[in-house]
Number of protein chains: 2
Amino acid sequence: MTLFIEYLNAIVPLSDEAKNAIYPCLKKQHYKKNETIVRELASSQYLHFVEKGLIRAFYLKEEKEITDWFGLEKSIVGPIVRNFPIKKTIHRLETIEDTTLISISFNNLEKLYFQYHELERLGRIIAIQSMLLLQQKIDSIQFYSAKERYIDFITSYPTIIQRAPLGMIASYLGMNQVTLSRVRKMNV
Amino acid sequence: MTLFIEYLNAIVPLSDEAKNAIYPCLKKQHYKKNETIVRELASSQYLHFVEKGLIRAFYLKEEKEITDWFGLEKSIVGPIVRNFPIKKTIHRLETIEDTTLISISFNNLEKLYFQYHELERLGRIIAIQSMLLLQQKIDSIQFYSAKERYIDFITSYPTIIQRAPLGMIASYLGMNQVTLSRVRKMNV
DNA sequence: AGAATTTTTTAGCAAATGTTAAAAAATTAC
DNA sequence: GTAATTTTTTAACATTTGCTAAAAAATTCT
């Protein structure tokens with residue numbers, strides 16, 4: 001629990017009062033490898049934080065799984081807002097490894113935002129940081145070749161490459177798995 | 001001025017007090033077509049709102065201009081935060097048509113955030129909305145063909161196609177101008 | 001209106017990526 | 001440890017998109 005609060009505190013220093021208010025809202029849960037965490041992300045009522053492990057969000061496009069987000073330890077799942085519809089498509093949340101999540105209901109989150117101006121600020125800043133990550137992803141897929149995207153990925157997320165199957169990474173990078181395999185063999 | 005405040009108020013209903021605090025911080029300015037608004041976006045000290053007209057943000061990649069954002073009337077330029085580095089590359093902000101902007105300094109914005117919890121909330125919600133737009137853009141460039149992206153674009157932004165040169169739109173869509181031209185002639 | 005400039009389209013060829021299928025390698029289950 | 005399953009690589013060919021250059025069309029300037 002405190003790991004999550006420390007994570008938040010590192011983004012925006014929080015008062016003890018705010019920290020104490022967050023604490024009782026948190027719930028810790030363990031998941032096994034390849035387990036479904038949330039069957040339909042859009043209608044989930046919880047915000048999750050990955051304390052340990054690796055998870056992913058994906059959806060189906062023409063029978064195929066498209067992974068469009070990886071959650072390493074110390075990541076927040078999706079955005080900091082109630083029922084934020086990432087897409088119209090149905091997203092599922094699954095573990096890739098044994099994972100420990102810390103969760104808080106949107107209901108409680110809204111209450112905390114309302115009660116503590118400093119937490120509202122924290123939410124704003126996390127959203128801004130997420131924007132930065134999204135923008136980076138746009139940059140990498142918009143004007144770079146498959147090889148460049150792959151190099152960028154292993155530079156930004158060196159551990160994921162050893163922890164997730166290539167198929168998931170290929171879809172994350174917007175390329176065919178065969179293309180990813182080809183690109184990898186081009187030395188790098 | 002009030003148009004901007006109305007825009008904000010529509011996102012999150014604001015108290016009169018907050019509205020009155022915003023008002024004196026605003027500055028209105030007119031620009032001609034093809035005029036530079038900000039030479040280097042990352043070091044700009046102002047947040048802009050497009051009251052009227054059309055603008056774009058772009059950067060140079062291998063001598064070529066890459067437009068990566070269009071600002072229609074009633075858009076906010078970039079994110080609601082001080083010195084938010086969209087990219088390491090130098091972004092310029094230019095008008096495409098005669099344009100009226102309403103601006104507020106980040107300095108004043110920070111003060112307003114600090115003073116009014118409700119404005120901090122507004123900032124958070126705008127950031128979340130921007131995330132949605134970014135996510136949509138990722139969806140469209142990641143798994144769709146040039147033709148599909150073009151169709152998606154004219155559906156989402158039907159007016160821009162008539163107001164901005166195709167070269168800008170092509171770079172925005174992450175494709176060659178020649179490809180865009182080809183795609184357009186495939187009936188649609 | 002006519003000349004100059006900019007934008008858009010067209011064409012031909014090159015390069016990158018997708019697709020299908022099968023083999024090889026690695027991992028998991030018994 | 002061996003069989004079964006999953007993941008990764010390889011190959012051959014198809015499709016899409018990129019690139020260069022030139023023609024056509026539209027716009028701007030005087």
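Naming: A, B, ... by sequence-line order, numbering from 1 per chain.
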Write out a two-atom table: protein N or O, nucleotide N or O from nucleotides 6-8 of chain C, distance below 3.5 Å.
from	atom 1	to	atom 2	distance (Å)
C:dT8	OP1	B:Leu166	N	3.2
C:dT8	OP2	B:Leu166	N	2.7

Practice item. State, without any angle test, whether B:Arg92 and B:Tyr59 hold a side-chain donor-acceptor pair at a distance under 3.5 Å. Key: no
Distance-only criterion, 3.5 Å: show the donor-acceptor pairs between side-chain atoms of residues 156-166 of chain B and protein atoms not counting sequence neighbours.
from	atom 1	to	atom 2	distance (Å)
B:Ser156	OG	B:Asp152	O	3.0
B:Thr159	OG1	B:Arg163	NH1	3.4
B:Arg163	NE	B:Glu97	OE1	3.4
B:Arg163	NE	B:Glu97	OE2	2.7
B:Arg163	NH1	B:Glu73	OE2	3.0
B:Arg163	NH2	B:Gly53	O	3.3
B:Arg163	NH2	B:Glu73	OE1	3.2
B:Arg163	NH2	B:Glu73	OE2	3.4
B:Arg163	NH2	B:Glu97	OE1	2.9

**Study point:** A:Ser15-A:Glu118 side chain donor-acceptor pair, cut-off 3.5 Å
**Key:** yes
Review point. Do A:Glu35 and A:Glu94 pass the side-chain contact (heavy atoms from CB on, under 4.5 Å) test, and can you show the C-alpha distance, the side-chain angles, and the key distance before you say yes or no?
Key: CA-CA 6 Å; A:Glu35 197 175 343; A:Glu94 242 182 46; over 6 Å; no
**Study point:** Separation of D:dT27 C1' from B:Arg163 CZ (nearest whole Å)
**Key:** 18 Å
Practice item. Take the protein atom CD1 of B:Ile96 and the nucleotide atom P of D:dT27, then report the distance between them rounded to whole Å. Key: 16 Å
Review point. Within this structure, what is the CD-to-P distance between B:Gln142 and C:dG18, rounded to whole angstrom?
Key: 11 Å
Show the distances under 3.5 angstrom between N or O atoms of the protein and N or O atoms of nucleotides 26-30 of chain C.
from	atom 1	to	atom 2	distance (Å)
C:dT28	OP1	A:Lys33	NZ	3.2

Exercise for review: Could you please spell out the steps behind the side-chain contact (heavy atoms from CB on, under 4.5 Å) verdict for B:Gln142 and A:Lys137?
Suggested key: CA-CA 10 Å; B:Gln142 186 155 26; A:Lys137 185 163 182 189; 3.6 Å; yes
Review point. Within the pair B:Asn176 and D:dT17, is there a side-chain N or O less than 4.0 Å away from OP1 or OP2?
Key: no
Review point. How about B:Lys74: does its NZ atom have over 12 heavy atoms from other parts shown lying under 6.0 Å from it?
Key: no
Review point. Using the C1' atoms of five pairs at each end, what's the angle between the two axes of the helix from C:dA1-D:dT30 to C:dC30-D:dG1, to 10 degrees?
Key: 60°
Check your understanding: Do the numbers put A:Lys19 on top of the ring of A:Tyr7, so that NZ or CZ is under 6.0 Å from the six-membered ring centre and no more than 45° off the axis?
Key -> no
Exercise for review: Flag the pair B:Phe58 / B:Tyr172 as yes when their ring centroid distance falls below 6.0 Å, and as no otherwise.
Suggested key: no
Would you tabulate the nitrogen or oxygen pairs shorter than 3.5 Å linking the protein to nucleotides 14-16 of chain D?
none

Exercise for review: Using the ring of A:Tyr23 (Phe, Tyr or Trp, six-membered ring only), decide whether A:Lys28 places NZ or CZ under 6.0 Å from its centre and within 45 degrees of its axis.
Suggested key: no
Practice item. Please confirm whether the backbone N or O of B:Leu173 pairs with a side-chain atom of B:Arg149, one donor and one acceptor, at under 3.5 Å? Key: yes
Practice item. Could you tell me which residues satisfy side chain to side chain donor-acceptor pair (under 3.5 Å) with B:Glu148, sequence neighbours excluded, listed by chain and number? Key: B:Ser145
Exercise for review: Grab the CG-C1' distance between B:Asn34 and C:dT5 for me, whole Å please.
Suggested key: 13 Å
Check your understanding: Is the count of non-hydrogen atoms from other residues, nucleotides or ligands lying under 6.0 Å from B:Lys64 atom NZ greater than 12?
Key -> no
Revision key, fill the gap. Per nearest nucleotide of DNA chain C, the residue lying toward the 5' end, A:Lys64 or B:Val178, is B:Val178
Practice item. Examine the side chains of B:His117 and A:Glu120 and answer whether a donor and an acceptor come within less than 3.5 Å of each other. Key: yes
**Study point:** Closest nucleotide among C:dT19, D:dT17, D:dA21 to the B:Arg182 side chain
**Key:** D:dT17
Check your understanding: What integer distance in Å separates B:Leu173:CG from D:dT17:C1'?
Key -> 14 Å
